Amino acid sequence: MQNENLLQQIKDTEQKFKANNYKGNSVCSCMVEKYGDVPILLSAPHAVKQIRNGAIKAHEFYTGAIVECLAKQIGCACITKQYLIENATNDDPNTDNAYCSYKTAINQFLQEHKIKLFVDIHGLSSKRDSIVDICIDNGKNVNNMIFVSDLKKYIEYEFGKNTCSIDKYFQAFSDNVMSKWVYINFGISALELEINGAYRWFEGDTQQKSLDLFLCLEKWLKNTSL
């Protein structure tokens with residue numbers, strides 16, 4: 001029953017990102033929420049559609065709900081993109097410079113709160129082999145590899161050997177990429193997690209394995225050494 005309630009909570013949370021064909025309908029372009037004092041900041045910059053170089057780019061479904069519900073479960077903070085700024089040339093926090101609203105909100109939050117781990121969650125194509133690809137620019141974006149090794153162990157214990165990769169599909173090496181930007185500017189260990197679409201679609205035949213991965217991420221965040 002507890003897991004059924006959690007699954008429904010995740011589905012319900014996704015509705016605000018799903019609104020207006022995943023353009024969102026919030027009163028602000030991004031939202032920072034704090035659910036407790038665990039020194040972790042979770043992020044979902046592609047929870048809704050975004051604009052890159054004048055073109056609308058697809059949303060990464062359920063990343064917003066995953067981030068918000070994880071933050072509630074473990075008692076930490078999160079930031080999510082809430083709606084598409086349609087008149088912008090660029091509206092992608094993962095490529096925009098430090099003056100975009102998303103990075104400005106992160107900057108303000110990190111000036112006021114001591115955070116030890118930043119986790120930026122994205123969507124990986126369901127055609128990829130990995131369930132999760134951990135992107136850390138060859139270890140340059142983390143102060144302690146324990147965050148990475150622990151996560152890899154949790155995922156492969158649950159789903160099998162080689163289901164978690166490191167820097168296989170993306171590296172997070174560009175200065176404007178969220179995790180690299182956080183590490184450069186604040187010295188905080190920062191991971192970009194690319195989650196396979198078949199493990200973040202909490203509906204139909206894939207909802208159980210999506211929930212299993214959510215619980216795996218929750219366990220990792222609760223037990224990781226901060």
Side-chain angles (χ1 to χ4, degrees), residues 9-10 12-20 22-52 57 59-86 88 90-123 135 141-142 147 172 175-193 195 200 214 217-218 220-222 224 226:
Q9 179 187 346
I10 293 169
D12 291 345
T13 301
E14 184 70 359
Q15 294 308 306
K16 64 182 174 184
F17 303 107
K18 199 173 187 177
N20 195 21
Y22 272 102
K23 292 181 180 178
N25 62 1
S26 177
V27 295
C28 57
S29 64
C30 61
M31 181 77 72
V32 179
E33 296 169 289
K34 190 169 181 286
Y35 297 103
D37 296 323
V38 175
I40 296 172
L41 177 60
L42 305 179
S43 165
H46 293 164
V48 296
K49 288 180 169 69
Q50 69 272 186
I51 295 176
R52 191 184 307 167
K57 306 293 287 185
H59 58 280
E60 294 170 355
F61 56 81
Y62 274 100
T63 56
I66 289 169
V67 159
E68 186 173 322
C69 293
L70 275 176
K72 289 178 180 177
Q73 289 292 107
I74 69 170
C76 71
C78 68
I79 178 169
T80 54
K81 191 83 166 66
Q82 297 276 315
Y83 75 79
L84 171 71
I85 303 175
E86 295 195 60
N90 287 293
D91 179 40
D92 180 359
N94 215 38
T95 59
D96 279 357
N97 62 30
Y99 298 101
C100 73
S101 59
Y102 199 91
K103 283 176 174 149
T104 297
I106 288 179
N107 178 67
Q108 182 176 343
F109 183 83
L110 293 180
Q111 296 289 348
E112 298 171 356
H113 301 86
K114 187 173 179 58
I115 297 297
K116 295 183 179 180
L117 177 63
F118 176 80
V119 182
D120 198 43
I121 291 184
H122 291 264
C135 314
N141 296 347
V142 292
F147 298 128
D175 287 354
N176 280 345
V177 167
M178 290 303 312
S179 55
K180 171 66 76 174
W181 179 81
V182 166
Y183 181 77
I184 289 174
N185 288 279
F186 302 96
I188 297 168
S189 286
L191 282 65
E192 177 179 321
L193 302 187
I195 300 178
R200 57 182 168 84
F214 180 95
L217 293 174
E218 179 187 342
W220 165 62
L221 290 168
K222 281 183 174 178
T224 194
L226 294 171

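Heads up: numbering here begins at 1 and tracks the sequence. A quick note: this is a predicted structure, and the numbers were derived from the prediction, not measured.
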Heavy-atom pair of closest approach, residues Val48 and Lys81: CG2-CG, 3.6 Å
Between the side chain of Asn141 and the main-chain N/O of Ala172, is any donor-acceptor distance below 3.5 Å? yes
Are side-chain heavy atoms of Asn20 and Tyr83 found at a separation under 4.5 Å? no
How are the rings of His122 and His46 set relative to one another: parallel (under 30°), tilted (30 to 60°) or perpendicular (over 60°)? perpendicular
Reported SG-to-CG distance for the pair Cys76 and Leu42, which is rounded to 0.5 angstrom: 4.0 Å
To the nearest 0.5 Å, what is the distance between CG on Leu221 and CD1 on Ile74? 4.5 Å
Partner set under salt bridge (charged side-chain N to carboxylate O under 4.0 Å, His left out) for Asp92, not counting sequence neighbours: Arg52
Which atoms form the tightest heavy-atom contact between Ala105 and Ile79, and what is the distance? CB-CD1, 3.9 Å
Verify the neighbour count for atom NZ of Lys72: are there more than 12 heavy atoms of other residues, nucleotides or ligands below 6.0 Å? yes
Shortest non-hydrogen pair, Leu117 vs Ile115, comes out as O-CG2, 3.3 Å
Do Glu60 and Phe17 make a side-chain contact, defined as non-hydrogen atoms from C-beta onward lying under 4.5 Å apart? no
Rounded distance [0.5 Å steps], NZ in Lys18 versus NE2 in His59: 8.5 Å
Heavy atoms only: give me the nearest Val67-Ala44 pair and the separation to one decimal. CG2-CB, 3.7 Å
Closest approach of Leu193 and Trp220, non-hydrogen atoms and distance? CD1-CZ3, 4.2 Å
Identified side chain to side chain contact (heavy atoms under 4.5 Å, CB included) partner of Phe118 from the options Leu41, Leu110, Val142: Leu41
Does some side-chain heavy atom of Tyr22 sit less than 4.5 Å from a side-chain heavy atom of Leu84? no
Would you check if Leu70 and Ile121 make a side-chain contact, meaning some heavy-atom pair closer than 4.5 Å? yes
If you look only at distance, which donor and acceptor atoms sit under 3.5 Å apart when one is on a side chain in residues 28-37 and the other is two or more places apart or in another chain?
unit_1, atom_1, unit_2, atom_2, d
Ser29, OG, Ser101, OG, 2.9
Glu33, OE1, Tyr35, OH, 3.4
Glu33, OE2, Tyr35, OH, 3.2
Lys34, NZ, Gly36, O, 3.2
Lys34, NZ, Asp37, OD1, 2.7

Roughly how far, to the nearest 0.5 Å, is the CD atom of Gln111 from the CZ atom of Phe186? 5.5 Å
Spacing of CZ belonging to Phe214 relative to CD belonging to Gln9, to within rounding of 0.5 Å: 7.0 Å
Could you tell me which non-hydrogen atom of Phe109 sits nearest to which non-hydrogen atom of Ala77, and how far apart they are? CZ-CB, 3.4 Å
What residues, two or more places apart in sequence or in another chain, satisfy salt bridge (charged side-chain N to carboxylate O under 4.0 Å, His left out) together with Lys23? Glu86
Quick one: salt bridge (charged side-chain N to carboxylate O under 4.0 Å, His left out) partners of Lys222, sequence neighbours excluded? Glu218
Are any non-hydrogen side-chain atoms of Pro45 and Asp120 less than 4.5 angstrom apart? yes
Residues two or more places apart in sequence or in another chain: which of them pass salt bridge (charged side-chain N to carboxylate O under 4.0 Å, His left out) with Lys16? Glu68
Can you find a pair of side-chain heavy atoms, one from Ile51 and one from Ile85, that are under 4.5 Å apart? no
To the nearest 0.5 Å, what is the distance between OG (Ser43) and CG (Asn94)? 8.0 Å
Going by side-chain contact (heavy atoms from CB on, under 4.5 Å), name the residues that satisfy it together with Lys103, two or more places apart in sequence or in a different chain. Cys100, Asn176, Met178, Trp181
Exam field: side chain Arg200 to backbone Thr63, donor-acceptor pair closer than 3.5 Å: no
